[in-house]
Amino acid sequence: MDRIKVVGGNQLNGIIPISGAKNAALPLMIASLLTDDTLTLENVPHLADVEQLVRILGNHGVDIAVNGRRERQGEGYARTIHFTARNIVDTVAPYELVSKMRASFWVIGPLLARMGEARVSLPGGCAIGTRPVDLFLEGLSALGAEIDIDGGYVNARAPKGLKGGTYRFPKVSVGATHVLMMAATLANGTFEIENAAREPEVADLAKCLNAMGAKISGAGTGHIVIEGVTSLSGARHRVLPDRIETGTYAMAVAMTGGDVFLENTSADLLDAALDAVRAAGADITPTNAGIRVRRNGAGIEPVDISTDPFPGFPTDLQAQFMGLMTHSKGRAHITETIFENRFMHVQELARLGAHISLSGQTATVEGVARLKGAQVMATDLRASVSLVIAGLAAEGETVVNRVYHLDRGFERLEEKLSNCGAEIERISG
Ligand code: UD1
């Protein structure tokens, strides 16, 4: 199993190119199931989760070519991928595939809308709480689907097609908003989603679906209206920049000090997180081409944050911000409101000398002047990168084990950081 070794103490200086967003690429890829035409996606990040979804879509019969080559024929970093779901050969998404990544459950929406049936295994994914699927099932029922669960599988049927209606989310769900929006594109009538997720990835998916011929308005707000159409066509769409990767590197620079330009990204995607990084003492200058992040001299200020659905502070940046706060000049409170068990990084950060106590959904971080390198374990995707951030400031060597978690969501992390002066390398095997 690969590990990542970081020797802390270097400032970061230079340019970091930001990749396409994993959390937009996944639903966009799944949207290819809605049409028998080719959907071409540009700026698709080369990540383990993308590869896993390629396997799942392949299982349903989607023909996938990367930059004109068949997937996995060539090495290198995939950028433009063509998806053609001319014939859907299987409407079953089996446990062996779905259990590896929660987002693969989302195929249920397009399969049901286009084929009138889907049998999808209940999902797995990051171990950050129970993560049920009740909202998906309620929402699909509101679209007219008949649903039952047996043997760990959800069976969904709509032999006469899905129909218009309304669903109001009792709690915001990004994934269930994606699924209802995709499914409703082919419904008979108009479907309205209330209290929808407002994340930029939802708006990006709607933009692509509209380019495919869907009639969606309001995506990016809490009220989305989808007028059903009889079929969708192909399209070409560029995946928006990864706001979580952007925020992660902004926090890394705030941690080490230095001057880095985050290229091909936009501050509008993560205002709340950038405000927190600014409050911690970094200078943030958004430009048309990206975001400049600097911190010189003075130390890191303690900042309290609480995660929230967009436009609030993203839960996917909570671990990284805690990593930054371990080295602040005072006490910071970090509250997690989205997932119930998203503090597994706490005990690993403690191995580096962090002082953190937990009470319910709030972590109290007493900043320390010195972190010290150690062996640590990546527990999930975002937690693992918080250990890298802390390692960048720790004295001596930090080795992060189980970096396959990192590879699920961060493209060329060690290369991007070492190009800016960090002492970081992957140890294979
Ligand atoms: C997506 C993101 C993930 C991010 C999360 C919250 C992708 C691929 N993943 O995950 O990185 O951390 O949004 O911003 O885009 N819930 C229910 N019932 C349901 C569905 C969700 O109770 O049927 C709960 C979840 O357990 C969680 C909360 O709702 O507590 C939010 O989850 P959700 O927004 O659905 O997260 P994902 O879409 O899985």
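This chain uses plain numbering: 1 for the first residue, then up along the sequence. Read the numbers this way: they start at 1 and go in the same order the structure lists the ligands and their atoms.
- A salt bridge does not link K22 with E245: none of the charged nitrogens is closer than 4.0 Å to a carboxylate oxygen.
- Every N/O-N/O distance between E199 and ligand 1 stays at or above 3.5 Å.
- The proximity of V174 to ligand 1, defined as any non-hydrogen pair under 4.0 Å, involves the side chain as well as the backbone.
- With ligand atoms numbered from 1 in the order given, ligand 1 contributes 20 (C), 23 (O) to contacts under 4.0 Å with heavy atoms of F136.
- The distance criterion of under 3.5 Å between nitrogen or oxygen atoms is not met by A176 with respect to ligand 1.
- When non-hydrogen atoms are compared, ligand 1 lies under 4.0 Å from neither the backbone nor the side chain of F310.
- The contact set between ligand 1 and V133, taken as ligand atoms under 4.0 Å from a residue heavy atom, comprises 19 (C), 23 (O).
- The option with the heavy atom closest to atom 35 (O) of ligand 1, from among P314, S173, A25, A21, is S173.
- Comment: D148 engages R157 in a salt bridge, judged by a side-chain N to carboxylate O separation of less than 4.0 angstrom.
- A salt bridge links K5 with E425: at least one charged nitrogen is closer than 4.0 Å to a carboxylate oxygen.
- Within the 4.0 Å heavy-atom criterion, the part of R102 lying near ligand 1 is the side chain and not the backbone.
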**Message:** Please evaluate residues S386 and Q320 with respect to the criterion side-chain hydrogen bond (donor to acceptor under 3.5 Å, both in side chains), reporting the C-alpha separation (whole Å), side-chain torsions for both, the decisive distance (0.1 Å), and the verdict.
**Reply:** CA-CA 4 Å; S386 76; Q320 296 89 316; over 6 Å; no

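- The residue L137 has no part lying near ligand 1, judged by heavy-atom distances below 4.0 Å.
- For R278, the CZ atom counts as densely surrounded, since its 6.0 Å shell holds more than 12 non-hydrogen atoms of other residues, nucleotides or ligands.
- Using a 4.0 Å cut-off between a side-chain N of Lys or Arg and a carboxylate O of Asp or Glu, R236 and E42 qualify as a salt bridge.
- Comment: D268 does not engage R243 in a salt bridge, judged by the lack of any side-chain N to carboxylate O separation of less than 4.0 angstrom.
- Between E192 and R168 there is no salt bridge, since no side-chain N of the basic residue sits under 4.0 Å from a carboxylate O of the acidic one.
- Close approach to W106 involves these atoms of ligand 1, each under 4.0 Å from a residue heavy atom: 7 (C), 8 (C), 15 (O), 38 (O).
- Atoms of ligand 1 lying under 4.0 Å from any heavy atom of P132, numbered from 1 in the order shown and given with element: 17 (C), 18 (N), 19 (C), 20 (C), 21 (C), 22 (O), 23 (O), 26 (O).
- Salt-bridge formation is detected for the pair E366/R331: a Lys NZ or Arg NE/NH1/NH2 atom is positioned less than 4.0 Å from an Asp or Glu carboxylate oxygen.
- Not a single heavy atom of F105 sits less than 4.0 Å from an atom of ligand 1.
- Listed by number with element, the atoms of ligand 1 under 4.0 angstrom from any heavy atom of T315 are 6 (C), 12 (O), 14 (O).
- With a heavy-atom cut-off of 4.0 Å, R342 touches ligand 1 through its side chain alone.
- Of all the heavy atoms of L135, the ones lying under 4.0 Å from any atom of ligand 1 are found in both the backbone and the side chain.
- Here E201 has no heavy atoms under 4.0 Å from ligand 1, in either its backbone or its side chain.
- In this structure, R86 does not pair ionically with D36, as no charged nitrogen and carboxylate oxygen lie closer than 4.0 Å.
- Here's the thing with G175: one of its N/O atoms is less than 3.5 angstrom from an N/O atom of ligand 1.
- Residues N195 and H223 have side chains that never bring a donor and an acceptor to within less than 3.5 angstrom of each other.
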**Verdict with reasoning, F321 to F313, per ring pair (Phe, Tyr, Trp, His ring centres under 6.0 Å)** = CA-CA 10 Å; F321 198 72; F313 188 101; 5.6 Å; yes

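- Taking a cut-off of under 4.0 Å to the non-hydrogen atoms of D316, the atoms of ligand 1 that pass are 3 (C), 4 (C), 11 (O), 12 (O).
- Considering both main-chain and side-chain atoms, N23 comes within under 3.5 Å of ligand 1 through a nitrogen or oxygen pair.
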